[in-house]
Novice: 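One structure, as structure tokens, below. Some questions next.
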Amino acid sequence: MTEIFLSYNREDAAIAQTYADAFEREGFDVWWDATLKSGEAYDEVTEAALRSAKAVVVLWSPRSVVSRWVRAEATVAYRNKTLMPVMIEPCERPVMFELTQTAELGHWQGAADDPTWRSFVQDVQSLVGKSNKAQDTPAPDMPPSKPAADRSEMAEIALLPFADLSTDKDQQSFIDGLNEEIRDGMTTVARTAQVDGKGISAPYRLEGSVRGSAERLRVTVKLVQSSDGKQLWSKSFDGARQDELAFQEQIASTIEAQIRSHIFKAEVVRLQNIPDGHHSALDYVLKSIALITNLDTKSIKLALEYAGKAIALNPHNAVAHAVAARHYSMLYLETGDWNPDEVYRSALDHASKAMHGAEQDSNTLQFLFMAMASLGGDLDPLEAMAERLLTKTPNNSSLLVTMGAIKALQGKKTAESRMCLDTAIRLNPNWEGDIYVLAMQMACHFELGEFALAAERANEIIFRRENFTIAQMVAAASYAHLEEMDAARKALAQIRPEMKLNKLLVWFRDTDTREMLRSGLKLAGANI
């Protein structure tokens with residue numbers, strides 16, 4: 001049986017050769033044929049290889065997406081669940097493959113130690129069900145690549161079986177289904193620990209109980225800190241017995257959406273009691289993230305120090321690179337005793353190293369988006385990643401907020417942005433009034449010319465965080481367009497003098513919206 005069938009357009013034969021050689025070095029058996037796409041007859045041997053392949057690696061390019069041969073091979077692979085697509089050049093994939101996770105390897109030129117290539121090889125290896133020496137024993141000068149989402153360093157949580165408090169103790173089938181639903185959804189939040197007779201070693205545990213009547217069910221869920229039994233979060237759910245599956249899904253999606261933030265807060269508190277030098281890479285990442293709400297230069301530099309320590313402990317920590325990129329992008333927007341070109345290059349370098357993780361992890365994607373929004377980078381690839389992640393975890397509220405944010409800044413997508421934000425708030429009410437969400441709502445109002453509402457949202461943000469420059473800019477421009485010049489000048493005067501307003505204009509990708517912001521600031525008296 002063929003292990004890897006390589007599908008490509010004949011004009012991409014050179015890059016196909018690179019992939020074939022690289023896979024063979026990894027120990028895979030590869031089927032590829034440069035004459036196959038020339039329009040010759042599709043022979044029976046080739047068709048048999050395609051249908052028996054454990055993995056079909058499709059190289060998408062502007063040439064292959066219009067090739068009937070490549071599209072046909074991709075369709076067969078999709079139906080056989082063997083499709084492993086790769087984007088070798090920017091192009092618009094056939095509609096039916098838009099939601100299939102695709103490795104972004106347009107930059108790759110055959111380097112065996114490229115992080116994105118290593119991640120893709122691991123995925124192919126997993127699908128093929130093969131362990132090969134090249135993967136298991138990295139070269140001495142190439143550190144082993146960790147999973148892109150760095151899941152081995154996520155906080156650990158023990159999922160305890162729910163207690164059956166009903167009189168007849170007849171809720172076990174419902175409890176079993178609920179436990180399975182919760183465990184499936186928990187993969188985006190924390191590592192789940194095994195619970196046995198030796199006790200609970202995980203720092204957090206999720207426990208609950210089920211009561212039932214003839215027609216109704218009540219489920220109570222608690223998130224507890226194992227060290228001291230402190231309750232971090234709890235919620236009760238009431239549902240109809242006749243719709244148990246939907247009720248289980250509702251509970252699991254709420255848990256998935258809400259406990260992430262509570263675990264994060266508890267982890268930040270825990271870190272305060274750990275002396276410096278005894279932290280893991282995750283600890284340093286959390287310390288860096290905790291400083292994101294502080295917009296002063298001193299906090300940004302300290303956050304970069306923490307991110308750097310995380311990367312020193314694990315150079316392949318994608319979320320650490322994304323957080324570093326975000327902090328460098330904030331430094332780039334200020335005037336200080338640093339070289340802006342070097343800071344810009346550092347931000348892009350870390351963003352590039354985080355890209356492979358953003359394809360699989362919503363936290364990495366969120367911070368990468370924050371960086372690229374400030375640097376004026378292309379948001380389309382991030383939107384595509386968010387769409388693919390949402391097909392896997394549709395109840396991930398932070399991912400929905402990121403998707404809403406991406407759409408909010410691109411212009412003419414305000415309806416889609418609001419839908420994402422509203423869904424996130426429905427799943428997790430903690431997002432309502434969050435600075436991040438308020439900023440995206442403000443962006444939507446401003447893009448639509450709803451200046452009074454934009455100014456209202458901007459003032460809510462400024463009240464909570466006085467140094468939020470983009471909110472001050474939108475407030476000043478909105479008041480100016482409303483011809484409330486005193487309020488416009490007052491908002492403008494709040495902006496710190498070291499902020500580079502011209503660079504912050506890139507926050508809005510739509511040219512009409514950006515010009516509307518610029519003209520409003522000029523009316524308010526800004527030299528921009």
Side-chain angles (χ1 to χ4, degrees), residues 292-293 295 300 322 325-335 340 343-344 347-348 351 365-383 386 401-414 416-418 420-421 434-451 453-455 457-462 464-481 491-492 494-496 498-522 524 526-528:
I292 275 181
T293 55
L295 299 176
I300 293 172
R326 188 271 179 191
H327 288 304
Y328 271 118
S329 73
M330 295 303 295
L331 209 59
Y332 174 68
L333 299 174
E334 297 187 11
T335 301
V343 169
Y344 184 79
L348 284 184
L365 179 62
Q366 178 183 350
F367 298 118
L368 184 58
F369 159 71
M370 290 180 178
M372 299 308 285
S374 299
L375 295 172
D378 185 7
L379 299 183
D380 287 342
L382 303 187
E383 184 174 4
V401 170
T402 300
M403 175 63 94
I406 292 171
K407 290 181 180 295
L409 300 191
Q410 298 203 77
K412 302 178 179 63
K413 293 187 178 182
T414 52
E416 297 174 38
S417 173
R418 285 173 169 174
C420 290
L421 297 175
D434 182 89
I435 295 290
Y436 193 32
V437 173
L438 288 173
M440 297 312 127
Q441 292 172 334
M442 173 191 74
C444 289
H445 288 310
F446 189 79
E447 286 174 347
L448 293 172
E450 299 170 351
F451 299 124
L453 291 172
R457 285 288 181 269
N459 285 328
E460 288 182 63
I461 296 168
I462 296 166
R464 288 169 170 79
R465 197 170 303 157
E466 61 181 12
N467 289 333
F468 204 112
T469 307
I470 193 67
Q472 294 164 334
M473 292 172 66
V474 170
S478 296
Y479 282 128
H481 286 301
L492 187 63
Q494 294 176 325
I495 298 175
R496 291 178 291 155
E498 63 266 28
M499 297 307 296
K500 301 173 181 177
L501 302 191
N502 276 314
K503 289 185 176 179
L504 274 164
L505 289 174
V506 303
W507 208 64
F508 288 101
R509 294 305 190 274
D510 180 61
T511 54
D512 293 338
T513 305
R514 192 183 306 162
E515 185 53 38
M516 193 160 58
L517 180 60
R518 186 194 304 274
S519 62
L521 289 169
K522 284 184 176 180
N527 182 18
I528 192 170

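Keep in mind the model is a prediction, meaning the values are calculated, not measured. Each residue takes its place number in the sequence, starting with 1.
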Novice: Mind checking whether Phe369 and Tyr436 have parallel, tilted or perpendicular rings, split at 30° and 60°?
Specialist: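 Geometry flag for Tyr436 against Phe369: tilted rings.
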Novice: Shortest non-hydrogen contact from Met372 to Asp378?
Specialist: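 Taking every non-hydrogen atom into account, CE-N, 4.4 Å.
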Novice: Could you measure the distance from the CD atom of Glu416 to the SG atom of Cys444? Nearest 0.5 Å is fine.
Specialist: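 Between atom CD of Glu416 and atom SG of Cys444 there are 10.5 Å.
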Novice: Please report the closest heavy-atom contact between Arg509 and Gly377, naming both atoms and the distance.
Specialist: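 In terms of heavy atoms, the two residues are closest at NH2-O, 2.8 Å.
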Novice: Charged N to carboxylate O under 4.0 angstrom, Arg418 versus Glu450?
Specialist: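 Looking at Arg418 and Glu450, the cut-off is met.
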Novice: Please name all residues satisfying salt bridge (Lys or Arg N to Asp or Glu O under 4.0 Å) with Asp512, sequence neighbours left out, ordered by chain then number.
Specialist: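 Testing Asp512 for salt bridge (Lys or Arg N to Asp or Glu O under 4.0 Å), a comparison that skips the adjacent residues, returns none.
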Novice: Taking the side chain as every heavy atom from C-beta outward, state whether Thr402 and Met370 have any pair of such atoms under 4.5 Å apart.
Specialist: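 A side-chain contact is absent here, since even the closest heavy-atom pair is not under 4.5 Å.
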Novice: At what distance, to the nearest 0.5 angstrom, does CG of Asn459 lie from CG of Leu438?
Specialist: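 That separation rounds to 11.5 Å.
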Novice: So which heavy atom on Ile461 is nearest to which on Ile435, and how close?
Specialist: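 Answer, listing the atom of Ile461 first, then Ile435: O-CD1, 4.0 Å.
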Novice: Apply side-chain contact (heavy atoms from CB on, under 4.5 Å) to Ile528 and list each qualifying residue two or more places apart in sequence or on a separate chain.
Specialist: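 Residues passing side-chain contact (heavy atoms from CB on, under 4.5 Å) with Ile528: Leu501, Asn502, Leu505, Arg518, Leu521, Lys522, Ala526.
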Novice: Hey, what do you get for CE (Met330) to CD1 (Ile300), rounding to the nearest 0.5 Å?
Specialist: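 Answer rounded to 0.5 Å: 5.0 Å.
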Novice: Identify the two heavy atoms, one from Glu383 and one from Ile406, that lie closest to each other, and give their separation to 0.1 Å.
Specialist: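 Taking every non-hydrogen atom into account, CB-CG2, 3.8 Å.
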Novice: What is the distance from atom CH2 of Trp507 to atom CG of Leu333, rounded to the nearest 0.5 Å?
Specialist: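 With rounding to 0.5 Å, CH2 (Trp507) is 11.5 Å from CG (Leu333).
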Novice: Could you check if a side-chain atom of Lys503 sits within less than 4.5 angstrom of a side-chain atom of Leu375, using non-hydrogen atoms only?
Specialist: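 No, their side chains stay 4.5 Å or more apart.
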Novice: Check whether His481 reaches the backbone of Met516 with its side chain - one donor and one acceptor, N or O, closer than 3.5 Å.
Specialist: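 Here the side-chain-to-backbone pair exists.
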Novice: Taking atom CZ of Phe446 and atom CG of Asp510, what is their separation to the nearest 0.5 Å?
Specialist: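 Rounded to the nearest 0.5 Å, the CZ-CG separation comes out at 11.0 Å.
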Novice: Can you confirm whether Lys500 sits close enough to Pro340 that some side-chain heavy atom of one is under 4.5 Å from a side-chain heavy atom of the other?
Specialist: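 Yes, their side chains come closer than 4.5 Å.
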Novice: Please confirm whether the backbone N or O of Lys413 pairs with a side-chain atom of Ser417, one donor and one acceptor, at under 3.5 Å?
Specialist: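 Not a single qualifying donor-acceptor pair exists.
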Novice: Please report the shortest heavy-atom distance between Asn467 and Arg496, naming the atom on each side.
Specialist: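 Minimum heavy-atom contact is OD1-CD, 3.9 Å.
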Novice: What are the two closest non-hydrogen atoms of Ala347 and Tyr328, and how far apart are they?
Specialist: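 Nearest pair, atom of Ala347 first, then Tyr328: CB-CB, 3.6 Å.
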Novice: How long is the straight-line distance from CZ of Phe508 back to CD1 of Ile470, given to the nearest 0.5 Å?
Specialist: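 Going from the CD1 atom of Ile470 to the CZ atom of Phe508 covers 5.5 Å.
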Novice: Short question: side chain of Arg464, backbone of Glu460 - any donor-acceptor pair under 3.5 Å?
Specialist: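 It does hold such a pair.
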